[in-house]
Amino acid sequence: MSYPVITINKAKLEHNARRLAELCSKQGMRLVGVAKGVCAHPAVVEAMLAGGAAAIGDSRIDNLKRLRRHGYKGETILLRAPGPSQCQEAVMYADASLNSETSIVRLLGEAAIRAGKVHNVILMVDLGDLREGVMPEQAADAAAEFDRIPGIRLLGIGTNMACYGGVIPTREKMELLLQVKDQVEQRIGRPLERVSGGTSANIQLVLDGEMPHGITELRVGEGILLGTEAVERRPIPGCVRDAFLIKAEVIEVKTKPSKPMGKIGQDAFGNVPVFEDRGLRRRAIVSIGQQDIDLSSLFPRDKGVEILGASSDHLICDVEEAERPVNVGDILEFGLAYGTLLKAFTSPFVTKEVLEGCQIA
Ligand SMILES: *Cc1c(COP(=O)(O)O)cnc(C)c1O
């Protein structure tokens with residue numbers, strides 16, 4: 001096998017999905033497994049479904065297409081509204097999509113009719129995070145418009161928080177969403193099937209038992225993949241955080257000064273680096289770089305190994321105080337957070353290794 005590698009522990013992912021599906025179902029919600037953090041890797045999606053995810057959501061149509069090609073027949077939800085050029089593919093590969101613009105929903109309706117289908121739409125409501133969604137006051141009008149478009153079925157409403165503005169989902173925000181639901185139902189004269197209440201950022205609220213009755217689902221990626229909630233990145237009790245590990249090879253080990261010698265200009269990414277002089281230190285170059293990982297979300301598993309920096313292809317570590325001596329040809333292991341997960345799964349240079357039948361512990 002060729003390094004670098006990201007390992008996928010299916011048992012751990014299934015365990016996290018099961019824990020979150022149970023937490024959600026206790027509060028009347030289903031779990032939508034969100035696969036965009038891993039480019040909808042089939043093994044990860046299988047684990048989500050085995051753990052109890054009721055549907056799979058992704059922001060990218062290509063990822064949904066990948067799932068269908070792999071044989072997934074269950075419900076798919078497109079989490080980012082399609083652009084005009086994507087509406088035909090959106091109705092082919094997504095059973096439902098999250099939307100906020102009438103002109104796009106019209107195109108989806110036309111595409112659905114051409115395909116002989118009805119496309120389901122969730123109207124997104126912006127509760128203050130200022131990413132996608134209509135403002136709450138405009139939701140009833142928008143819903144009435146969506147509802148009249150041929151080829152479209154308005155399934156419900158939804159919201160997304162803690163993504164752009166960092167606004168925390170609270171009980172009050174969830175209650176506001178339920179008020180909007182009432183207004184929409186009055187306007188269109190029928191009940192809505194779905195109220196899609198949020199993401200991994202809502203997990204603390206669920207743990208606190210503060211999700212009001214009436215929210216029907218959460219769309220969760222990070223919580224399943226990494227075992228953390230997405231407001232303060234706290235570990236979720238009962239979930240594991242090491243379902244993925246990065247392994248990469250050491251290609252140079254030398255003792256060198258800790259401060260570069262010469263006049264300092266820009267580094268590979270246009271930043272001017274600053275160094276502390278710690279004297280001569282043993283350093284290792286690991287064969288992985290910023291094309292494959294995000295520096296702030298990569299954590300050495302070996303005690304005493306410290307990440308100093310990285311260019312596109314070289315990760316530089318201080319190994320002077322490594323508990324286990326580091327030599328050329330060794331494999332170093334790293335834990336990771338969302339940024340690295342996303343980059344590693346997107347990088348064609350990182351091998352994805354599925355570990356079957358392993359244990360949780
Ligand atoms: C990414 C995304 C999610 C999942 O977010 P996590 O924080 O990974 O749980 C849910 N809904 C939408 C609209 C998204 O874009």
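Here the structure is a predicted model, which means the values were calculated and not measured. These numbers come from the heavy atoms of this one structure, side chains and all, not from hydrogens, waters or symmetry mates. For ligands, and for the atoms within them, numbers begin at 1 and follow the listed sequence.
Contact atoms of ligand 1 toward Leu98: 13 (C) (distance under 4.0 Å to a heavy atom of the residue). For ligand 1, the atoms sitting less than 4.0 Å from at least one non-hydrogen atom of Val220 are 9 (O), numbered in the order shown with element in parentheses. Atoms of ligand 1 found under 4.0 Å from any heavy atom of Glu222, numbered from 1 in the order shown, are 6 (P), 8 (O), 9 (O).
Protein heavy atom nearest atom 9 (O) of ligand 1, with residue, atom name and distance: Ser200 OG, 2.5 Å. Nearest non-hydrogen protein atom to atom 11 (N) of ligand 1 is Arg219 NE, 2.8 Å. Looking only at heavy atoms of the protein, atom 13 (C) of ligand 1 is closest to Asn160 OD1, 3.4 Å. Looking from atom 10 (C) of ligand 1 to the surrounding protein, the closest heavy atom is Thr199 CG2, 3.3 Å. Counting only heavy atoms of the protein, atom 15 (O) of ligand 1 lies nearest to Lys36 NZ, 2.7 Å.
When non-hydrogen atoms are compared, ligand 1 lies under 4.0 Å from neither the backbone nor the side chain of Leu225. Under 4.0 angstrom from ligand 1, the non-hydrogen atoms of Arg131 all belong to its side chain.
Considering CG of Leu295 and CD1 of Ile293, their distance stands at 4.5 Å, rounded to 0.5 Å.
Other residues, nucleotides and ligands contribute over 12 non-hydrogen atoms within 6.0 Å of the CD atom of Glu252. Annotation for Arg60: atom CZ does not count as buried by contact number, only 12 or fewer foreign heavy atoms lying within 6.0 Å. For Arg241, the CZ atom sits in a loose shell: 12 or fewer heavy atoms of surrounding residues, nucleotides or ligands are nearer than 6.0 Å. In Ile168, the CD1 atom is not crowded: 12 or fewer heavy atoms of neighbouring residues, nucleotides or ligands sit closer than 6.0 Å.
For the pair Lys173 (side chain) and Leu127 (backbone), a donor-acceptor distance under 3.5 Å is present.
Backbone and side-chain nitrogen or oxygen atoms of Met124 are examined, and none is located within less than 3.5 angstrom of a nitrogen or oxygen of ligand 1. Ligand 1 has no nitrogen or oxygen under 3.5 angstrom from a nitrogen or oxygen of Glu132.
With Arg219 as the partner, the side chain to side chain donor-acceptor pair (under 3.5 Å) test is satisfied by one option alone out of Asn160, Asp58, Thr199: Asn160.
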